[in-house]
Amino acid sequence: MQFIDLQRQYERIKETLNPKLQKVLSSCKFILGPEVEELEKRLAEYVGRKYCVSCSSGTDALLMPLLAWGIGKGDAIFTTPFTFIATSEVIRLVGATPVFVDIEPKTFNIDSSKLEEAIEKVVRDGKLKPKAIIPVDLFGLPANYSKILEIAKKYKLLVLEDAAQGFGGAINGSKACSFGEVSATSFFPAKPLGCYGDGGAVFTDDDELYELLVSIRVHGQGKDKYENVRLGINGRLDTLQSVVLLAKMDIFDEELQLRNNIAEKYSKLLSGKVETPYVPEGFFSCWAQYSVLAENEDHRKEILERLRQKGIPTAIYYPIPLHLQKVNSDLGYKYGDFPVSEAISKRIFSLPMHPYLKDDEIELIASSI
Ligand SMILES: *Cc1c(COP(=O)(O)O)cnc(C)c1O
């Protein structure tokens with residue numbers, strides 16, 4: 001059994017995908033070819049944004065808006081410590097300071113009731129200038145944007161949605177990648193919409209920001225290819241990856257439905273055995289991960305061992321919250337600073353999740369737990 005079975009998906013799309021890949025190989029337009037533009041149009045339309053700028057990874061998709069905004073030393077960026085390292089990494093790469101805010105115990109997303117407190121504290125301390133919030137749509141569930149955007153407005157903070165796991169999710173019909181000034185997603189193969197290598201995209205409705213992102217994607221280029229007006233990166237998306245993503249977009253909504261059906265089956269079979277995921281009223285998850293909580297660390301260890309013996313792959317997202325990562329040790333956080341994230345990192349684990357998981361597999365996994 002695979003944790004995320006990309007083979008089954010490939011079997012389904014290969015008849016249509018292979019000739020299209022072959023066409024790109026024959027055209028030799030490998031970088032930012034016409035299919036890249038087609039993909040950007042399609043993605044922007046899908047999430048309901050004016051612009052999409054595709055790029056080389058989810059990490060670059062987070063980095064590019066920070067560069068465009070001129071975020072740097074002395075700036076405070078509020079985010080969650082319960083996420084993938086890239087979220088705080090990009091903040092540090094531009095020289096700004098991540099200010100962590102603990103998560104909600106049920107959604108695992110940033111706790112908006114603690115966000116305001118954290119902003120007030122930074123204002124009081126007077127050392128850093130509050131600039132932006134990076135909420136993460138963890139495991140495919142959008143963060144609480146109605147609250148977050150209200151707080152952002154009050155303190156005049158920018159919002160960068162980390163939807164690396166969130167593409168396909170929604171709140172009351174508004175799609176993930178449409179919240180805040182700008183959104184970033186990842187097309188890493190294991191994400192809900194994945195390509196066959198690294199890839200990502202940035203979304204915005206802002207004309208000026210769009211121009212900046214396009215420039216930053218290619219070494220801060222100006223009007224001409226060899227005129228460089230600002231610091232940028234090599235952040236382009238390959239044409240081959242766009243072709244893969246276009247093929248997967250054709251079946252994406254159906255796959256979302258399949259993921260939701262599987263999550264529902266899991267939750268029914270696992271209720272009372274472990275704590276199953278919570279999706280608030282009006283929210284729609286794209287189930288990047290199906291993550292449950294054991295009672296404690298020993299209970300988790302016992303379950304994971306049993307699953308391992310049956311050949312069922314599992315993963316722990318995330319065993320170490322970002323404030324306790326060695327790379328962030330100079331920020332001065334300590335164990336005990338974010339009790340919810342710390343407790344959940346000891347209890348959480350993720351089960352196989354992909355659209356092609358079969359009923360007998362789900363039943364085997366559930367009965368093994
Ligand atoms: C995967 C991920 C990223 C980074 O995406 P890459 O495409 O791997 O660079 C950023 N944030 C979160 C929450 C992620 O899960």
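Worth saying up front: this structure is predicted, and the values here are computed from it rather than measured.
The residues D337 and K334 are annotated as salt-bridged, a charged nitrogen and a carboxylate oxygen being separated by less than 4.0 angstrom. The pair E305-R308 counts as a salt bridge, with a side-chain nitrogen and a carboxylate oxygen less than 4.0 angstrom apart. Taking the charged nitrogens against the carboxylate oxygens, E35 and K20 have no contact shorter than 4.0 Å, which rules out a salt bridge. Between D111 and K147 there is no salt bridge, since no side-chain nitrogen of the basic residue lies less than 4.0 Å from a carboxylate oxygen of the acidic one. Between K129 and D75 there is no salt bridge, since no side-chain nitrogen of the basic residue lies less than 4.0 Å from a carboxylate oxygen of the acidic one. Salt-bridge formation is not detected for the pair E45/K41: no Lys NZ or Arg NE/NH1/NH2 atom is positioned less than 4.0 Å from an Asp or Glu carboxylate oxygen.
Every residue two or more places apart in sequence or in another chain was checked for a side chain to side chain donor-acceptor pair (under 3.5 Å) with T239, and none qualifies. Under the side chain to side chain donor-acceptor pair (under 3.5 Å) criterion, Y51 pairs with D207, not counting sequence neighbours.
Contact annotation: the side chain of E104 never approaches that of V340 to less than 4.5 Å [non-hydrogen atoms, C-beta and beyond]. Looking at heavy atoms from C-beta onward, Y155 lies out of side-chain contact with I133 at the 4.5 angstrom threshold. When side chains are defined from C-beta on, V214 does not count as touching E211, because their heavy atoms never get closer than 4.5 Å. Using a 4.5 Å heavy-atom threshold, the side chains of V123 and P130 count as touching.
Each of K223, Q221, E227 was checked for a side-chain contact (heavy atoms from CB on, under 4.5 Å) with K225, and the lone residue meeting it is Q221.
A donor-acceptor pair is defined here as one N or O able to donate and one able to accept, closer than 3.5 Å; such a pair exists between the side chain of R49 and the backbone of C177. A distance-only check finds no donor-acceptor pair linking the side chain of S57 to the backbone of D198 [under 3.5 Å]. Formation of a donor-acceptor pair under 3.5 Å by the Y266 side chain with backbone atoms of L351 is not found in this model. A donor-acceptor contact shorter than 3.5 Å is absent between the side chain of D137 and the backbone of Q165. With hydrogens and angles ignored, the 3.5 Å screen pairs no side-chain donor or acceptor of R230 with any backbone N or O of I216. Judged purely by atom type and a 3.5 angstrom limit, D125 has no side-chain atom pairing as donor or acceptor with the backbone of K127. At distances below 3.5 Å, not a single donor-acceptor pair connects side-chain atoms of E254 with backbone N or O atoms of I251. Under the 3.5 Å distance criterion, the side-chain polar atoms of R306 are matched with a main-chain donor or acceptor of I369.
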Take D253 and Q257, measure what side-chain hydrogen bond (donor to acceptor under 3.5 Å, both in side chains) needs, and give me the verdict at the end. CA-CA 6 Å; D253 277 335; Q257 196 50 55; over 6 Å; no

Any chance you could lay out the side chain to side chain contact (heavy atoms under 4.5 Å, CB included) test for K131 and I77, step after step, and finish with the verdict? CA-CA 6 Å; K131 274 283 175 68; I77 312 295; 4.1 Å; yes

Any chance you could lay out the side chain to side chain contact (heavy atoms under 4.5 Å, CB included) test for W287 and N260, step after step, and finish with the verdict? CA-CA 7 Å; W287 299 105; N260 271 275; 3.0 Å; yes

Show, in sequence, the C-alpha distance, side-chain angles and deciding distance for S345 and F82, and conclude whether the side chain to side chain contact (heavy atoms under 4.5 Å, CB included) test is met. CA-CA 8 Å; S345 69; F82 197 65; 4.1 Å; yes

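The other members of the hydrophobic cluster of F167, by chain and number, are L39, L43, Y46, V47, F187, L193, F203, L237, L245, L246, M249, F252, L256, F284 (side-chain heavy atoms under 4.5 Å, ILVMFWY only).
Between Y333 and H323, the angle of the ring planes goes over 60°, which puts this pair in the perpendicular group of the 30/60° scheme.
Between the side chains of N109 and Y145, no donor-acceptor pair of N or O atoms lies under 3.5 Å. Side-chain atoms of S341 and D102 include a donor-acceptor pair closer than 3.5 Å. Of the N and O atoms on the side chains of S267 and Y290, at least one donor lies less than 3.5 Å from an acceptor on the other residue. S146 and N144 share a donor-acceptor pair across their side chains, judged by distance under 3.5 Å alone.
Within a 6.0 Å sphere centred on CD of E37, other residues, nucleotides and ligands contribute 12 heavy atoms or fewer.
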